[in-house]
Peer 1: 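Have a look at this one before I ask anything.
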Amino acid sequence: MPLRPADLARRKQAGLPIWVLTAWDALSGALVAEAGADAVLVGDSLAMVVLGHATTLPVTLDEMLHHCRATARGMASVCAPGQEPLLILDLPFLSYQCGTDAAVAAAGRVLKESPAAAVKLEGAEPETLVVIDRLVRSGIPVMGHIGLTPQSVHRLGYRRQGNDQASRQRLEREATALQAAGCFALVLEHVPDDLAASITAQLTIPVIGIGAGSGCDGQVRVTADLLGLTPRQPPFSPPLLQGRSLAVEALRRWMAGPAPAAAPTRPAADAAPHC
Ligand code: KIV
């Protein structure tokens, strides 16, 4: 059996760190599974990282499912059967904001049409809490996501959240409400370290941080940022290597190298037919 949401909770109880990495295709899925991630998130950041959009808003559920299935194939290519990390899919913008029935239908498609075992969605508005409760009661595990929420870029920008007392208290209330609604884990993005540590201590579900300090139960990163493949990385996610310039330089060196030797001529009878 691949990892399940409950396995992440067991890691928190045992005081073990939880490592979550994003992936978007077979190549990246294989990479992060081979590296030993506990969970793989097919995040809607793929809209920007892979599809070249300016925000995460345009990506569709069909596109997310396509990338999720490819990611799962990559994970399966390097994992012993049943040893795959937990696969989580981000519900894209407008797939869960248009009413509870539509949200159940969208999240249900994720479980029916891909090997993902859980969905992630952003925010903790009262309507979102109702949606989460209904999804969980329908048998669909949900990961929450608060703090910087890229689907709200036109309202909140990409700024750090939780900078004043009112906003800190709101995030604490939201975290508690998401746990009560049934989320199995929570992503906290770009919030002060001490606030993230205090929320982590208050919740029984695992808190997975990005730009939230080291006091969380686990960490999540956009793999393309970590590998230095994206043109610019967010300040809270410095690259581990300069993947983009390493790749560009290697390709330039190859093209500047000696031209490949001419192919040997073959007798006419062996020649491939012309179409
Ligand atoms: O879409 C994504 O990659 C995410 C992570 C940044 C948590 O939501």
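Order of appearance sets the numbers: ligands from 1, and atoms from 1 within every ligand. None of these values were measured; they are calculated from a predicted model.
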Peer 1: Can you find a pair of side-chain heavy atoms, one from Val119 and one from Met143, that are under 4.5 Å apart?
Peer 2: no

Peer 1: Taking atom types as modelled, is there a side-chain donor on Tyr158 or Glu189 under 3.5 Å from an acceptor on the other?
Peer 2: no

Peer 1: Enumerate the atoms of ligand 1 whose separation from the nearest heavy atom of Lys120 is less than 4.0 angstrom.
Peer 2: 4 (C), 8 (O)

Peer 1: Looking at Thr22, which atoms of ligand 1 are within less than 4.0 Å of one of its heavy atoms?
Peer 2: 3 (O)

Peer 1: Tell me if the CD atom of Glu113 is crowded by more than 12 foreign heavy atoms within 6.0 Å.
Peer 2: yes

Peer 1: When you look for heavy atoms under 4.0 Å from ligand 1, do you find them on the side chain of Leu46, its backbone, both, or neither?
Peer 2: neither

Peer 1: What protein heavy atom is closest to atom 4 (C) of ligand 1, reported as residue, atom name and distance in Å?
Peer 2: Leu41 CD2, 3.7 Å

Peer 1: Quick one: side chain to side chain donor-acceptor pair (under 3.5 Å) pairs with a partner in residues 245-256, sequence neighbours left out?
Peer 2: Glu249-Arg252

Peer 1: Give the residue and atom name of whichever protein heavy atom lies nearest to atom 3 (O) of ligand 1, and the separation in Å to one decimal.
Peer 2: Ser45 OG, 2.6 Å

Peer 1: With a heavy-atom distance limit of 4.0 Å, tell me whether Thr56 approaches ligand 1 through its side chain, its backbone, both, or neither.
Peer 2: neither

Peer 1: Assess, by modelled atom type and distance only, whether the side chains of Gln179 and Thr176 contain a donor and an acceptor separated by less than 3.5 Å.
Peer 2: no

Peer 1: Just which atoms of ligand 1 are under 4.0 Å from any heavy atom in Gly43?
Peer 2: 1 (O), 2 (C), 3 (O)

Peer 1: Could you go through the side chain to side chain contact (heavy atoms under 4.5 Å, CB included) check for Met64 and Asp90 one step at a time?
Peer 2: CA-CA 8 Å; Met64 291 298 294; Asp90 250 349; 3.9 Å; yes

Peer 1: Relative to the heavy atoms of His145, which atoms of ligand 1 are at a distance of less than 4.0 Å?
Peer 2: 8 (O)

Peer 1: At under 4.0 Å between heavy atoms, which part of Val222 makes contact with ligand 1: side chain, backbone, both or neither?
Peer 2: side chain

Peer 1: Verify whether one side chain among Arg221 and Gln219 offers a donor that lies under 3.5 Å from an acceptor in the other.
Peer 2: yes

